K.L.:
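Before I ask anything, here is the structure I am working with.
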Protein chains: 2
Amino acid sequence: MNDSLIQAALQLRQHIDQFATLSDEEWNELLPHLSIIHLKKHQLLATQGIVANQVGFVLEGVFRQFYTKDGEERTTYFFFDQQLIAAYMSCITARPSPVNIEALSEATCLVFPYPVLKALFSQYAGWQEFGRLFAEYVMVALEERMAGLLMLSPEERYLALLEGDQRHILQRVPQHYIATYLGITPVSMSRIRNRIVAK
Amino acid sequence: MNDSLIQAALQLRQHIDQFATLSDEEWNELLPHLSIIHLKKHQLLATQGIVANQVGFVLEGVFRQFYTKDGEERTTYFFFDQQLIAAYMSCITARPSPVNIEALSEATCLVFPYPVLKALFSQYAGWQEFGRLFAEYVMVALEERMAGLLMLSPEERYLALLEGDQRHILQRVPQHYIATYLGITPVSMSRIRNRIVAK
DNA sequence: CCAAAACGATAACAAAAGATAAGAACGGGT
DNA sequence: ACCCGTTCTTATCTTTTGTTATCGTTTTGG
């Protein structure tokens with residue numbers, strides 16, 4: 001196990017500790033299953049139609065998760081450094097993933113198989129607790145995302161993005177991806193930007 | 001503890017068993033905290049702005065969960081018999097609930113305090129597992145709801161409702177509530193219905 | 001270093017949804 | 001049986017978004 005892997009594993013453990021504190025013994029169960037992968041721009045970490053079985057942790061780079069339908073893409077989420085990333089729904093349900101996860105830049109990830117995590121859930125109290133708290137965290141994020149789509153107009157969603165915690169997305173991601181994230185076309189988003197500066 | 005409460009508790013246990021199997025000991029920890037409440041039509045089980053601390057299980061009746069903004073309402077979910085129901089996000093985060101939960105008919109619920117459940121999570125492996133699996137279940141439902149809002153046009157969402165697992169909603173809920181569930185106005189939904197029968 | 005592709009702004013037109021108001025159908029309660 | 005409130009439809013008008021196409025500008029890859 002080389003230096004960069006040890007270093008990366010430490011970052012992952014710190015991230016996981018934000019959800020639940022694991023004993024050294026519990027943590028060490030995951031350690032041997034970790035590996036590092038590099039992705040080129042536009043390479044996929046998870047592919048629509050394929051059952052996902054890999055969980056990643058972004059060490060460097062930007063990712064987007066998106067659906068496709070009739071050749072059109074809709075982005076559901078962006079991921080940045082120090083975030084867990086997976087087609088989690090596919091892992092959980094063991095059904096083919098409805099989403100793709102794509103690197104938007106050169107990227108480096110720590111990865112491990114979901115089946116390993118699932119086994120840890122049932123064997124260790126600390127991991128089980130992490131599993132609950134992580135699912136609850138994702139749940140809250142999804143609820144907020146859904147509420148935004150249901151309650152706000154496209155213009156309000158853009159403004160919310162401008163002023164919210166996620167402001168950094170605008171600096172790091174091309175606008176046409178953001179348009180699909182807001183559920184509108186790039187043309188419409190350009191108009192919205194225009195309306196806003198006019199005010 | 002009277003007969004109807006015992007009967008209701010049995011139903012709840014069967015429902016919970018669909019997520020994780022609890023030992024009798026684990027189950028008995030919850031039992032003394034259960035009670036039955038009746039709600040009249042339009043009465044609220046959870047109120048916007050108030051921290052929720054109650055989890056319910058619908059014995060009879062129909063509920064909706066909805067946001068309000070500028071006096072307008074948007075329904076996020078409908079609940080029917082034999083479903084767990086709570087402003088779960090508020091329970092988890094201990095922040096004021098962004099949503100209301102309203103009875104759409106005379107209703108009967110089994111209820112218990114969320115803090116009791118939370119304590120069970122950390123004390124019993126079976127409950128902790130239930131906590132994870134339930135959160136994952138909600139997560140999957142939310143992801144599908146979000147994907148619908150992001151990927152489908154209002155007309156497609158209505159058609160998906162017509163043809164999907166949730167078809168029964170249409171029979172049991174007034175249409176103007178369904179319109180807000182689809183993220184459109186009742187007028188617009190009426191037009192969509194009109195377009196569809198014309199085909 | 002250059003050609004090709006990607007990106008973003010803008011214009012013109014079509015399609016859809018929101019706002020508002022008016023009216024029909026239905027049900028519950030007195 | 002009758003009134004009143006709720007629900008749903010329909011019509012009109014306005015606003016917004018989608019669609020398609022064009023045109024600079026920037027970025028990318030060979």
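Just so we're on the same page: letters track the sequence lines, and every chain starts at 1. Since we're looking at a predicted model, the values are computed, not measured.
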K.L.:
Please report, rounded to the nearest Å, how far the P atom of dG18(C) is from the CD atom of Glu155(A).
P.N.:
16 Å
K.L.:
Rounded to whole angstroms, how far apart are CD1 on Ile184(A) and P on dA17(C)?
P.N.:
16 Å
K.L.:
Reckon Pro186(A) touches a base, only the sugar-phosphate, or nothing at all at heavy-atom distances under 4.0 Å?
P.N.:
nothing
K.L.:
Mind telling me whether Phe19(B) and Phe134(B) have parallel, tilted or perpendicular rings, with 30° and 60° as the class edges?
P.N.:
perpendicular
K.L.:
Work out how much the helix from dC1(C)-dG30(D) to dT30(C)-dA1(D) bends between its end axes, five pairs an end, to the nearest 10 degrees.
P.N.:
50°
K.L.:
In this structure, how many angstroms lie between the P atom of dA17(C) and the CG atom of Leu150(A), rounded?
P.N.:
15 Å
K.L.:
So which protein nitrogen or oxygen atoms get under 3.5 Å of nucleotides 12-14 of chain C's nitrogens or oxygens?
P.N.:
unit_1, atom_1, unit_2, atom_2, d
dA12(C), N6, Arg191(A), NH1, 3.4

K.L.:
The side chain of Arg193(B) lies closest to which of these nucleotides: dC7(C), dG18(C), dT9(D)?
P.N.:
dT9(D)
K.L.:
Are any of Gln175(B)'s side-chain N or O atoms less than 4.0 Å away from OP1 or OP2 of dT6(D)?
P.N.:
no
K.L.:
Quiz question: by atom type and distance under 3.5 Å, do the side chains of Gln7(B) and Ser4(B) form a donor-acceptor pair?
P.N.:
no
K.L.:
Taking OP1 and OP2 of dG18(C), is either one under 4.0 Å from a side-chain nitrogen or oxygen of Ser188(B)?
P.N.:
yes
K.L.:
Report yes or no: do Tyr124(A) and Glu29(A) form a side-chain donor-acceptor pair below 3.5 Å?
P.N.:
yes
K.L.:
Test side chain to side chain contact (heavy atoms under 4.5 Å, CB included) on Val187(A) and Arg191(A); report intermediate values, then the result.
P.N.:
CA-CA 6 Å; Val187(A) 177; Arg191(A) 279 190 292 238; 4.3 Å; yes
K.L.:
Check every atom of dA19(C), dA17(C), dT10(C) against the side chain of Pro154(B) and return the nucleotide holding the closest atom.
P.N.:
dA17(C)
K.L.:
Picking from dA9(C), dG8(C), dG18(C), which would you name as closest to the side chain of His176(A)?
P.N.:
dG8(C)
K.L.:
Figure out the CG/P separation between Leu182(A) and dT17(D), and round it to whole Å.
P.N.:
11 Å
K.L.:
Does the side chain of Lys41(A) get closer than 4.0 angstrom to OP1 or OP2 of dG29(D) through an N or O atom?
P.N.:
no
K.L.:
Please report, rounded to the nearest Å, how far the P atom of dA6(C) is from the CD atom of Glu73(A).
P.N.:
12 Å
K.L.:
Just checking, is any N or O donor in the side chain of Glu129(A) or Gln128(B) under 3.5 Å from an acceptor N or O on the other one?
P.N.:
no
K.L.:
Quickly work out the Leu104(A) CG to dT28(D) C1' distance and round it to whole Å.
P.N.:
16 Å
K.L.:
How long is the line joining CZ of Arg195(B) and C1' of dA16(C), in whole Å?
P.N.:
7 Å
K.L.:
For Arg74(B) and Thr180(B), which I'm curious about, is there any donor-acceptor pair between the side chains at under 3.5 Å?
P.N.:
no
K.L.:
Identify whether the distance between the nearest side-chain nitrogen and carboxylate oxygen of Glu106(A) and Lys41(A) falls below 4.0 Å.
P.N.:
no
K.L.:
Do the two ring centres, one from Phe78(B) and one from Phe63(B), sit under 6.0 Å apart?
P.N.:
no
K.L.:
Can you tell me how far C1' of dT19(D) sits from CE of Met189(A), to the nearest Å?
P.N.:
18 Å
K.L.:
Using a strict cut-off of less than 4.0 Å between a Lys/Arg side-chain nitrogen and an Asp/Glu carboxylate oxygen, indicate whether Arg157(B) and Glu163(B) qualify as a salt bridge.
P.N.:
no
K.L.:
Want to settle it: does Ile192(A) or Val173(B) sit nearer the 5' end of DNA chain D, counting the closest nucleotide to each?
P.N.:
Val173(B)
K.L.:
With no hydrogens and no angle check, just 3.5 Å: does a side-chain donor-acceptor pair link Tyr77(A) and Arg64(A)?
P.N.:
no
K.L.:
Is any side-chain N or O of Asn194(B) closer than 4.0 Å to OP1 or OP2 of dT10(D)?
P.N.:
yes
K.L.:
Does a side-chain N or O of Thr185(B) approach OP1 or OP2 of dG18(C) to a distance below 4.0 Å, or not?
P.N.:
yes
